Amino acid sequence: MLSWPAPLLPTLPGTGPVLKVHDTARGEVVATSPGPTARMYVCGITPYDATHLGHAATYLAFDLINRMWRDAGHAVHYVQNVTDIDDPLLERADRDHEDWIVLGMRETALFREDMTALRVLPPEDYVGAVESIPRIVVHIEALLDEGLAYVLEDGTGDIYHDVARAPGFGGESGYDETTMLRFFAERGGDPERPGKRQPLDPMLWRGRRPGEPSWPGPRGTEGRPGWHIECATIALNTSGMGFDVQGGGSDLVFPHHEYSAVHAEALNAMATGEERPFARAYVHAAMIGLDGEKMSKSRGNLVFVSRLRGEGVDPMAIRLALLSGHYRTDRAWTAELLRTAEERLATWRRAAALDAGAPAAPVLQGLRERLAHDLDSPGAVALVDAWAAETLAGPADAEEEAPRIVCDAVDALLGVALGDCG
Ligand code: 5CA
Ligand code: ZN
């Protein structure tokens, strides 16, 4: 699939520090240790509606990781998927008497525009589920051949992964069975379905149903892929095993990331005889809410990035509003949050436009330190606030420096472009 255009990324003096992030599997903040090319896979949208501020917040968190690795001298291979076939897409298209392909293409195009406006660095590989079906089928056939997957004997042609036999199941979320069963039922799983070997077995392939689109499937059947095998396959084919960060919102901790990992680990063990973890760290962004509830398409309590843009809101203010909270804190979107961000952006811009300001080098160093420590963006924002206040208050003194380094640091590390800089 087509990705989106990259924003200019200023090069900063020196090199950034080692990035530490919270890994869900280990339950603690850990140092990332990428090779020359850092590898990241982040779960992309299901394009049946426009990008809301919850999606945006999640992609901004991973954009900070991307920027920090680049600042530390790594190349970054960033992969994101598009779940361009799944139940919600078909249900929405049906409701609106629309072609599901047209719906998906339109919302994906809008997402690209929103990401571009928010200055999110684009993925090197932007990959759809539909275009990946032949590779997904190869993987499901391999699991069937090995006896790790089974066809349900109810005539539907649905295929499941026998997770009880999968090494490492539970390793990503660390949840006990009761918790798993609860989340599985809440988030698209079917623990009660008769004929499964275990309630927690996830669907790999859904046999053809009347009125639903279908593609050639495993062993000459027809149907469409399950959700978790989609991400396992796309990640394996683009990033390989043991990539540095698997990312998404905290609603993906279980079942999605657990099963993506378990599918991929089983496939890798079959192919190589080795047991290796799918990802080196599983990083999850907290949920953005509105009026006390998680912002979600199914609840309909959404604030869309594109609507705010349409109202003339500066995307840099949206970015700043979302980054003024920490990525691991569930938080609410409010009109007040946006107003504060707009004022803050105006203040930063006023300071940056001056010919001289408070010392800049400590701001660069401080931003690097704050962000390296589990993406402390609120701490980073506070540092720039202090610099701007000092600069605007200033009578000139001997220590004054041109704001250029601050502008570049805010742009390269926080992704906030300040425009004309002194
Ligand atoms: N296509 C799948 C992932 S493979 C999916 O979850 N799509 S989504 O459109 O529902 O969500 C896209 C991304 O936004 C996911 O990483 C999800 O965890 C995240 N997300 C969804 N709602 C919120 C929210 N309210 N706050 C923060 N992140 C959210
Ligand atoms: Zn995914």
Side-chain angles (χ1 to χ4, degrees), residues 22-28 41-46 48 52 54-55 57-58 61-62 81 83 86-89 91 129 149 152 158-206 225-232 235 245-266 277-279 281-290 292-302 327-331:
H22 184 269
D23 171 26
T24 301
R26 279 171 282 181
E28 59 185 358
Y41 182 95
V42 176
C43 281
I45 54 162
T46 305
Y48 70 94
H52 61 61
H55 303 138
T58 289
F62 294 96
N81 71 306
T83 308
D86 205 357
D87 297 347
L89 208 64
E91 284 159 15
L152 223 61
D158 296 354
I159 303 174
Y160 283 81
H161 188 177
D162 189 342
V163 286
R165 298 174 57 189
F169 181 57
E172 181 264 338
S173 65
Y175 290 159
D176 60 24
E177 198 178 338
T178 314
T179 311
M180 286 185 183
L181 281 166
R182 180 159 58 83
F183 281 130
F184 193 54
E186 281 173 18
R187 298 176 179 166
D190 51 5
E192 311 271 324
R193 185 165 179 188
K196 286 168 61 171
R197 288 186 190 161
Q198 281 93 207
L200 280 172
D201 289 350
M203 192 186 274
L204 289 164
W205 185 259
R206 177 176 161 89
W227 176 30
H228 319 303
I229 191 69
E230 167 196 340
C231 281
V245 163
Q246 154 74 315
S250 59
D251 56 341
L252 302 186
V253 170
F254 193 91
H256 185 52
H257 285 172
E258 191 74 64
Y259 289 123
S260 304
V262 115
H263 293 328
E265 285 164 12
F278 182 45
Y282 299 87
V283 178
H284 293 105
M287 290 293 114
I288 300 294
L290 188 70
E293 286 206 271
K294 173 192 161 188
M295 202 179 276
S296 75
K297 292 175 220 175
S298 47
R299 286 195 179 86
N301 58 343
L302 306 176
Y327 84 103
R328 282 206 292 127
T329 307
D330 285 337
R331 55 207 193 276

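As a basis for the values below, the full set of heavy atoms in this structure was taken, side chains included, without hydrogen atoms, waters or symmetry mates. It should be emphasised that the depicted structure is a prediction, and the values quoted were computed from it without experimental measurement.
The stretch residues 186-195 participates, sequence neighbours left out, in these side chain to side chain donor-acceptor pair (under 3.5 Å) pairs: Asp154-Arg193, Thr156-Arg193, Asp158-Arg193, Tyr160-Asp190, Tyr160-Arg193, Asp190-Lys196.
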**Prompt:** side chain to side chain contact (heavy atoms under 4.5 Å, CB included) between Asp86 and Tyr48: does it pass, once the steps are laid out?
**Reply:** CA-CA 10 Å; Asp86 205 357; Tyr48 70 94; over 6 Å; no
**Asked** So Ile229 and Trp205, side chain to side chain contact (heavy atoms under 4.5 Å, CB included) or not? Walk me through it.
**Response** CA-CA 9 Å; Ile229 191 69; Trp205 185 259; over 6 Å; no
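Residues that satisfy the side-chain contact (heavy atoms from CB on, under 4.5 Å) test with Glu28, not counting sequence neighbours, are Arg26, Val30. For Phe278, the ring pair (Phe, Tyr, Trp, His ring centres under 6.0 Å) test picks out Phe243, with sequence neighbours left out. Under the side-chain contact (heavy atoms from CB on, under 4.5 Å) criterion, Glu91 pairs with Asp87, not counting sequence neighbours. In this structure Trp227 satisfies the ring pair (Phe, Tyr, Trp, His ring centres under 6.0 Å) test together with His256, sequence neighbours excluded. Annotation: side-chain hydrogen bond (donor to acceptor under 3.5 Å, both in side chains) contacts of Glu258 (sequence neighbours excluded): Ser173.
Distance alone, capped at 3.5 Å, places no donor-acceptor pair between the Asp201 side chain and the Asp162 backbone.
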In a table with atom names and distances, give each donor-acceptor pair under 3.5 Å that connects a side chain of residues 281-288 to protein atoms at least two apart or in another chain.
unit_1 : atom_1 : unit_2 : atom_2 : d
Tyr282 : OH     : Ala279 : N      : 3.2
His284 : ND1    : Thr24  : OG1    : 2.6
His284 : NE2    : His257 : ND1    : 2.8

If you look only at distance, which donor and acceptor atoms sit under 3.5 Å apart when one is on a side chain in residues 177-185 and the other is two or more places apart or in another chain?
unit_1 : atom_1 : unit_2 : atom_2 : d
Thr179 : OG1    : Asp176 : OD1    : 2.6

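Minimum interatomic distance between Ile159 and Ala149 (heavy atoms only, all atoms of both residues): CG2-CB, 4.1 Å. Of all the heavy atoms in Gly44 and Asn81, the pair that sits closest is N-OD1, 2.6 Å. Between Pro88 and Thr46, the closest heavy-atom pair is CG-CG2, 4.4 Å. Here the closest non-hydrogen pair linking Val262 and Ala166 is CG2-CB, 4.0 Å.
Looking at heavy atoms from C-beta onward, Leu200 lies in side-chain contact with Tyr259 at the 4.5 angstrom threshold.
Results of the side-chain hydrogen bond (donor to acceptor under 3.5 Å, both in side chains) test with His263 over His228, His161, Glu230 single out His161 as the only residue that passes.
One distance of note links CD1 of Ile45 with NE2 of His52; it measures 10.0 Å at 0.5 Å rounding.
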